Amino acid sequence: MALITCGALAVGAVGCFSSGDGDSGDGGAKGTGLEEALAAAPVSAADEAILYVDVSTTRDLAAKDKKQFSGLWGYGIPELSGHAADPLKEWGFDEKDVETSIVVGNYNARMTGEFDTDALTKAFEEKGYGASDVDGGTRFMKPGDDSTFQVSNSIRVGIHDKDGTGLGLGEPEKSLAGDRVYAAVADCLGDVYYASFYGKVERKGIILLAIGARLAADGTSTETICTVNSSEKAAQSTAIKLRGKTKDGEPYVGSKVTIRDGKTPTVSMTWKNSSEGRRRPGDNNKTLDLPGLLLLGRG
């Protein structure tokens, strides 16, 4: 599963930057769907794998072109990708109720959309969860179960381990949107319909790496990999590795690699998606083609 793979890269690595290396204040700007989602994720989750999904867009794309986009089905909804084939029956909602999702770690998810709170309550109570009031909605907990849920008619939050601490119906005082490094990568990615962040943990001179996909006006999908690098030298090293993937015979042939100036330069590369293997949106989360090259030193 893609989320577990991302988490394997994000968790347990060494060399995390301290909070002083990126402003984590509450001044982060919100504009794109990604930036709004990052504003709901606590800065304490910076070193975890983070997945953002515009679920309504990926749902439409998969319906129109299954060959290219079917791998995105269930993206951002743990109940679909890891637990239940029919979340409407088991959990009181289904994919059509969800607009956006941000997943922290493996299964901790905050979803926005339109939810039937009566259906959600019934599903939780049938599973033995008890309800209590929480600011903005209802919390569900069960003795002996580490999972906690919070719901309203527009937000559903599921927390299953400590990685999800800080997720809630409201926004945290300090969020990933206010983190300088996350903000730089979000700006690099642009208005994406999905993005995978591989944890703010320095590896091979890269502070943070993310891959996101966006749509052009004509509906063409492209993916971009963005890295924030610890130095100009590290950025040049990252760029050289990426350019090696743009040569004849490589899946990203013809792609342009760009370096943005700065104390911690950003390096990016964009390629056009297709239905071919390794070129479908989200394929890198499964193959670790580029993340493995840059973060783990794989050839």
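These figures come from a predicted structure and were not determined experimentally. No hydrogens, no waters, no symmetry mates; every other heavy atom, side chains included, goes into these values.
Applying the disulfide bond (SG atoms under 2.5 Å apart) test to every pair with at least one member in residues 104-159, sequence neighbours left out, gives no pairs at all. For residues 196-281, the pairs satisfying disulfide bond (SG atoms under 2.5 Å apart) are Cys188-Cys226, with sequence neighbours left out.
Between Phe115 and Asn153 there is no side-chain heavy-atom pair separated by less than 4.5 Å. Between Val151 and Val157 the shortest side-chain heavy-atom distance does not fall below 4.5 Å. Between Ser221 and Leu61 there is no side-chain heavy-atom pair separated by less than 4.5 Å. No side-chain heavy atom of Met269 sits less than 4.5 Å from a side-chain heavy atom of Thr224. Ile77 is listed as a side-chain neighbour of Met111, based on a closest heavy-atom distance under 4.5 Å. Contact check for Asn285 versus Tyr194: side-chain heavy atoms found under the 4.5 Å cut-off. Contact of the Leu208 side chain with the Val201 side chain is not registered, since no non-hydrogen atoms from C-beta on lie closer than 4.5 Å. Two residues are said to be in side-chain contact when any heavy atoms from C-beta on lie closer than 4.5 Å; Phe197 and Val185 meet this criterion.
Residues forming a salt bridge (Lys or Arg N to Asp or Glu O under 4.0 Å) with Lys122 (at least two apart in sequence, or on another chain): none. Residues satisfying the ring pair (Phe, Tyr, Trp, His ring centres under 6.0 Å) test with Tyr52, not counting sequence neighbours, are none. Among residues two or more places apart in sequence or in another chain, the salt bridge (Lys or Arg N to Asp or Glu O under 4.0 Å) test is passed with Asp187 by Arg260. Ser274 meets the side-chain contact (heavy atoms from CB on, under 4.5 Å) test with Glu276, Arg279; sequence neighbours excluded. Every residue two or more places apart in sequence or in another chain was checked for a salt bridge (Lys or Arg N to Asp or Glu O under 4.0 Å) with Arg110, and none qualifies. Partners of Tyr193 under the ring pair (Phe, Tyr, Trp, His ring centres under 6.0 Å) rule, at least two apart in sequence or in another chain, do not exist in this structure. Partners of Asp283 under the salt bridge (Lys or Arg N to Asp or Glu O under 4.0 Å) rule, at least two apart in sequence or in another chain, are Arg280. Lys96 is linked by a side-chain contact (heavy atoms from CB on, under 4.5 Å) to Arg59, Asp94, counting only residues two or more places apart in sequence or in another chain.
Residue Asp179 holds its CG atom at 9.5 Å from CG of Leu38, rounded to the nearest 0.5 Å. For the atom pair CD1 of Ile211 and OG of Ser268, the computed distance is 12.0 Å after rounding to the nearest 0.5 Å. The distance from the NZ atom of Lys245 to the CG atom of Leu293 is 5.5 Å, given to the nearest 0.5 Å. For the atom pair Ser275 OG and Gln68 CD, the distance stands at 6.5 Å (nearest 0.5 Å). Rounding to the nearest 0.5 Å places CG of Leu51 at 8.5 Å from CD1 of Ile102. Note that CG of Leu290 is 4.5 Å distant from CD1 of Ile225, once rounded to the nearest 0.5 Å.
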(request) Let me see the working for Phe149 and His160 under side chain to side chain contact (heavy atoms under 4.5 Å, CB included), right down to the final yes or no. (result) CA-CA 9 Å; Phe149 300 90; His160 304 283; 3.6 Å; yes
(request) Determine, step by step, whether Asn108 and Asp161 satisfy the side-chain hydrogen bond (donor to acceptor under 3.5 Å, both in side chains) criterion, reporting the C-alpha distance in whole Å, the side-chain angles of both residues, the deciding distance to 0.1 Å, and the verdict. (result) CA-CA 7 Å; Asn108 306 291; Asp161 56 41; 2.8 Å; yes
(message) Test side-chain hydrogen bond (donor to acceptor under 3.5 Å, both in side chains) on Thr112 and Arg156; report intermediate values, then the result.
(response) CA-CA 7 Å; Thr112 67; Arg156 181 188 186 277; over 6 Å; no
(message) Would Thr266 and Thr227 count as a side chain to side chain contact (heavy atoms under 4.5 Å, CB included) here? Give the steps.
(response) CA-CA 5 Å; Thr266 302; Thr227 66; 5.8 Å; no
(request) Start with the C-alpha gap between Arg203 and Ile206, add the side-chain angles, then the distance that decides, and say whether side chain to side chain contact (heavy atoms under 4.5 Å, CB included) holds. (result) CA-CA 5 Å; Arg203 289 155 292 186; Ile206 294 174; 5.8 Å; no
(message) Before you tell me yes or no, could you show the steps for Thr100 and Val55 under side chain to side chain contact (heavy atoms under 4.5 Å, CB included), namely the whole-Å CA-CA distance, both residues' side-chain angles and the distance that decides it to 0.1 Å?
(response) CA-CA 5 Å; Thr100 69; Val55 177; 5.7 Å; no
For residues 124-142, which side-chain N or O atoms pair as donor and acceptor with protein atoms under 3.5 Å away, sequence neighbours left out?
unit_1: Tyr129; atom_1: OH; unit_2: Asp145; atom_2: OD2; d: 2.7
unit_1: Lys142; atom_1: NZ; unit_2: Lys127; atom_2: O; d: 2.9

Let me have the donor-acceptor pairs involving side chains of residues 246-255, under 3.5 Å, with sequence neighbours excluded, atom names and distances please.
unit_1: Thr246; atom_1: OG1; unit_2: Arg243; atom_2: O; d: 2.7
unit_1: Tyr252; atom_1: OH; unit_2: Asn284; atom_2: ND2; d: 3.2
unit_1: Tyr252; atom_1: OH; unit_2: Asp289; atom_2: OD2; d: 2.9
unit_1: Ser255; atom_1: OG; unit_2: Tyr252; atom_2: O; d: 2.9
unit_1: Ser255; atom_1: OG; unit_2: Thr270; atom_2: O; d: 3.2

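Taking both residues in full, the closest heavy atoms of Leu80 and Pro87 are given as CD2-CD, 3.7 Å, listed atom of the first, atom of the second, then distance. Taking every heavy atom of both residues into account, Glu35 and Ala186 meet most closely at CG-CB, 4.3 Å. What you find for Ala45 and Leu176 is that their closest heavy atoms are C-CD2, 4.4 Å. The shortest heavy-atom contact between Lys66 and Ala62 is CG-O, 3.2 Å. Residue Pro265 comes nearest to Ala235 through the heavy atom pair CB-CB, 3.7 Å, listed as atom of the first residue, atom of the second, then distance. Closest of all the heavy-atom pairs between Glu36 and Gly31 is OE2-O, 3.9 Å.
Partner Arg214 forms a side-chain contact (heavy atoms from CB on, under 4.5 Å) with one of Leu34, Thr220, Leu189, Thr222 and no other, that one being Thr222. Considering Leu294, Leu288, Asp47 as possible partners of Tyr198, the one that fulfils the side-chain contact (heavy atoms from CB on, under 4.5 Å) test is Leu288.
Ile50 is connected to Ile155 through a chain of hydrophobic side-chain contacts under 4.5 Å among Ile, Leu, Val, Met, Phe, Trp and Tyr, so both are in one cluster. One hydrophobic cluster holds both Leu242 and Ile259 under the rule that ILVMFWY side chains link at heavy-atom gaps under 4.5 Å.
The main-chain N or O of Lys162 is found under 3.5 Å from a side-chain atom of Thr165 such that the two form a donor-acceptor pair.
Heavy-atom neighbours of Lys204 NZ from other residues, nucleotides or ligands within 6.0 Å: at or below the threshold of 12.
With hydrogens and angles left out, the side-chain atoms of Thr238 and Asn229 include a donor and acceptor closer than 3.5 Å. Between the side chains of Asp54 and Ser56, at least one donor-acceptor pair of N or O atoms lies under 3.5 Å.
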